[in-house]
Number of protein chains: 2
Amino acid sequence: MSSAHRRDAATTRAAILRAGVEAFTRFGFDGVGVREIAQAAGVSAMLVNRYFGSKEGLFAEVVEVSMTDRTVLGGDPATLARDIAATLVRRTSPAADDLSPFLLMLRSAANPRAAEILRENIERHVEAHVHEVAPDTRGTDRAAVALALIAGFWLLRKVIGSSALNETDEKTVEATLTRLFEVLLPGPASRG
Amino acid sequence: MSSAHRRDAATTRAAILRAGVEAFTRFGFDGVGVREIAQAAGVSAMLVNRYFGSKEGLFAEVVEVSMTDRTVLGGDPATLARDIAATLVRRTSPAADDLSPFLLMLRSAANPRAAEILRENIERHVEAHVHEVAPDTRGTDRAAVALALIAGFWLLRKVIGSSALNETDEKTVEATLTRLFEVLLPGPASRG
DNA sequence: TCCACATGTCTACAGTCGTATACTTCGCTC
DNA sequence: GAGCGAAGTATACGACTGTAGACATGTGGA
């Protein structure tokens, strides 16, 4: 038996990728080593380099998949602000442990090479996706500010662990966030 | 001559601390080594441990001073939202290189020990300072959300380098931010 | 002047990192 | 069933990390 795995390149590659998503999201690019990732995938460390070229190559693909299969934005424009606020508060709750692409970004952005990969993927996936929802010129920068708000909220609540956000009534914070997203999102014809 | 420095413990300690602020803000806790910091201060690496106990000890003091002598918040409540937005946009401009405590936080938060130090200092300095300005219960969580917005904006614009925020007219972004801070800050009697 | 102590440096150690090279083992095909 | 290429492992190397211990040096007081 030993590890009971038949030799299958695609399966092994997928296992490494999945372990990479989890590890990089939890500990950041500099916070985890290839040996640790490989062990979580049940393989030897060198397979990371065989299948992804390098640690940086694996990270690039991790960012790619993490930012692609997002289940975050979208929905009815009428309740969009409320929905985003509710989802954000729920997924950043202290109990929830969530492999959010925002966490991946926040915990890896300190490394310049990782930051460059993140920037390129954000522009290609997230901001492009926003451009579909809000094709007008004004919407672009407002969506970017919304992104900043979401990222900052995730940072303070889950990475730092701010007591001001964790010891307050979630409904209160959610209402505040809803008001902000109403200002930012194109739905309710907010005139500046 | 050699280094032309007289032996002065206080001066040397201050030089290491200053080099630490710069290095940790630019590269984050994990992104810089004690040898590099010591070289920037013009001393040997072991002096860091002599004066601050360890790298982590130096970081704790760096966070302390960086979050103490802030020149960010404050001012006339009537124009507070506009002032904060203007300052934020100006200091995150691509040309400006700024040793902001927000950058220190963003680039070091991935490390759990650094995150703990940051959390403790934020609660002790920033949130306490906010509590003076807005002593009412409702203001606390709104100020925390404002903090999240500022941090996220700094992240996307300066750490990631988002093109959506850097290629947009600064006045447009500044207007958007002003509207958000008007919602968040206690000044204009915003009713929810 | 000279000694004692504070100040600063040198060397070294044990560990981790990413990854290149050489090797072994399995699985499929003829 | 033998061999051949793919899949996976083992070892090692050089660079780097934080920091402990021994050593050197300058400086103020006697």
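Values below: all heavy atoms of this structure, side chains included; hydrogens, waters and symmetry mates excluded. So you know, we letter chains A, B, ... as the sequences are listed, proteins then strands, and number each from 1.
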Heavy-atom side-chain contact between B/V145 and B/L149 under 4.5 Å | no
Interatomic distance where CZ belongs to A/R50 and C1' belongs to C/dA22 [whole Å] = 12 Å
Applying salt bridge (charged side-chain N to carboxylate O under 4.0 Å, His left out), name anything that partners A/D8, two or more places apart in sequence or on another chain.
-> none
Without placing hydrogens or testing angles, list every side-chain donor-acceptor pair under 3.5 Å for residues 99-106 of chain A, not counting sequence neighbours.
residue	atom	partner	partner atom	Å
A/S100	OG	A/F102	N	2.9

Please list, pair by pair, any protein nitrogen or oxygen found under 3.5 Å from a nitrogen or oxygen in nucleotides 1-4 of chain D.
none

Residues in salt bridge (charged side-chain N to carboxylate O under 4.0 Å, His left out) contact with B/R82, at least two apart in sequence or another chain = none
Hey, are B/D97 and B/K158 close enough for a salt bridge, meaning a charged N less than 4.0 Å from a carboxylate O?
-> no
Could you list the residues that satisfy salt bridge (charged side-chain N to carboxylate O under 4.0 Å, His left out) with B/R124, not counting sequence neighbours?
-> B/E64, B/E120
Touch check for B/V43, heavy atoms < 4.0 angstrom, all strands: base, sugar-phosphate only, or nothing?
-> sugar-phosphate
Spacing between B/F27 atom CZ and D/dT17 atom C1', to the nearest angstrom = 17 Å
ring-ring contact (aromatic ring centres under 6.0 Å, His included) partners of A/F153, counting only residues at least two apart = none
Ion pair present between A/R179 and A/E182, side-chain N to carboxylate O less than 4.0 angstrom?
-> no
DNA chain C contacts among residues 8-19 of chain B, heavy-atom distance under 4.0 Å = B/D8, B/A9, B/T12
May I ask you to decide if B/L47's main-chain N or O and B/S44's side chain share a donor-acceptor pair within less than 3.5 Å?
-> no
Output all residues satisfying side chain to side chain contact (heavy atoms under 4.5 Å, CB included) with B/A23, sequence neighbours left out; order by chain, then residue number.
-> B/V32, B/I37
Measure the distance from CG on B/L47 to C1' on D/dG21 and round it to the nearest whole Å.
-> 15 Å
Which salt bridge (charged side-chain N to carboxylate O under 4.0 Å, His left out) pairs, counting each pair once, include a residue from residues 30-59 of chain A, with sequence neighbours left out?
-> A/E56-A/R113
Does A/Y51 have a side-chain nitrogen or oxygen under 4.0 Å from the phosphate oxygens OP1 or OP2 of D/dA7?
-> no
Nearest-Å distance, CG (A/D30) to P (D/dT17)?
-> 12 Å
Quick one: salt bridge (charged side-chain N to carboxylate O under 4.0 Å, His left out) pairs with a partner in residues 10-20 of chain A, sequence neighbours left out?
-> A/R13-A/E61
N/O contacts under 3.5 Å, protein versus nucleotides 18-20 of chain C?
residue	atom	partner	partner atom	Å
C/dG18	OP1	A/K55	NZ	2.5
C/dG18	OP2	A/V34	N	3.0
C/dG18	N7	A/R35	NH1	2.9
C/dG18	O6	A/R35	NH2	2.9
C/dT19	OP2	A/K55	N	2.9
C/dT19	O4	A/R35	NH2	3.0

Below 3.5 Å is the cut-off: list the nitrogen or oxygen pairs between protein and nucleotides 26-30 of chain C, distance only.
residue	atom	partner	partner atom	Å
C/dC28	OP1	A/R6	NH2	2.8

How are the rings of B/F29 and B/F59 set to each other: parallel, tilted or perpendicular (split at 30° and 60°)?
-> perpendicular
